[in-house]
Chemist: 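Can you keep this structure in mind? I'll have questions shortly.
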Amino acid sequence: MSDTIVVRTQTCSVCGEYEVWSLDRVAVTRWREGENIQHAFPDMSAGDREVLISGTHPACWDSLFPEEEEDE
């Protein structure tokens, strides 16, 4: 059995795209069995983890939740 597994992400609700990633089989199994994603994939960026969870790409996330400008 291979050490990696091919995973298709959720479809992004903003742009309608999805991604296909090759990930560590053990980490994917741990996450799917309930381990917190940041523990299963400690070296993965928060943005990449969000793509895995919801399919929302970092740029799409930014369009949904733009940073607010500070009042002076």
Side-chain angles (χ1 to χ4, degrees):
M1 187 178 322
S2 173
D3 291 340
T4 61
I5 185 172
V6 175
V7 175
R8 180 190 181 276
T9 67
Q10 300 283 334
T11 301
C12 178
S13 62
V14 177
C15 69
E17 299 293 323
Y18 64 87
E19 297 183 16
V20 177
W21 293 352
S22 179
L23 297 171
D24 179 78
R25 180 180 298 276
V26 172
V28 170
T29 300
R30 289 178 15 219
W31 172 55
R32 287 182 174 166
E33 289 178 349
E35 185 169 333
N36 290 336
I37 195 166
Q38 63 269 29
H39 294 138
F41 299 98
D43 297 329
M44 187 180 284
S45 71
D48 283 348
R49 290 192 303 258
E50 187 59 41
V51 173
L52 209 55
I53 293 168
S54 70
T56 308
H57 304 105
C60 295
W61 183 271
D62 290 344
S63 72
L64 287 172
F65 304 103
E67 289 188 30
E68 294 181 18
E69 294 182 21
E70 291 184 28
D71 293 332
E72 291 185 34

Chemist: Distance-only, no hydrogens or angles: does the T9 side chain make a donor-acceptor pair with backbone N or O of E19 under 3.5 Å?
Modeler: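 Present.
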Chemist: From E50 CD over to M44 CE, what is the distance, rounded to the nearest 0.5 angstrom?
Modeler: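 CE of M44 is found 12.0 Å from CD of E50.
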Chemist: If you measure from CG on D62 to CD on E67, what distance do you get to the nearest 0.5 Å?
Modeler: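 Separation between the atoms: 7.0 Å.
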Chemist: Can you measure from CD1 (I37) to CG (L52) and round to the nearest 0.5 angstrom?
Modeler: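 If we round to the nearest 0.5 Å, I37:CD1 and L52:CG are 4.5 Å apart.
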Chemist: Minimum heavy-atom separation for S54 to T56, with atom names?
Modeler: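 In this case the closest contact between S54 and T56 is OG-OG1, 3.0 Å.
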Chemist: Which other residues end up in the same hydrophobic cluster as V26, if Ile, Leu, Val, Met, Phe, Trp and Tyr are linked when side-chain heavy atoms come under 4.5 Å apart?
Modeler: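 None, because no other hydrophobic side chain comes under 4.5 Å of this residue.
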Chemist: About how many Å separate CZ of R30 and CG of D24, when rounded to the nearest 0.5 Å?
Modeler: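 CZ of R30 is found 8.0 Å from CG of D24.
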Chemist: Would you mind reporting whether W31 and I53 have side-chain heavy atoms less than 4.5 Å apart?
Modeler: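 In contact.
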Chemist: With rounding to the nearest 0.5 Å, note down the distance linking CG in L23 to CD1 in I5.
Modeler: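 CD1 of I5 is found 8.5 Å from CG of L23.
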Chemist: Can you check whether V51 reaches C12 side chain to side chain, under 4.5 Å on heavy atoms?
Modeler: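 Result no, sub-4.5 Å side-chain heavy-atom pair not found.
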Chemist: Cluster partners of V6, using ILVMFWY side-chain heavy atoms under 4.5 angstrom, listed by chain and number?
Modeler: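 Besides V6, the cluster holds Y18, V20.
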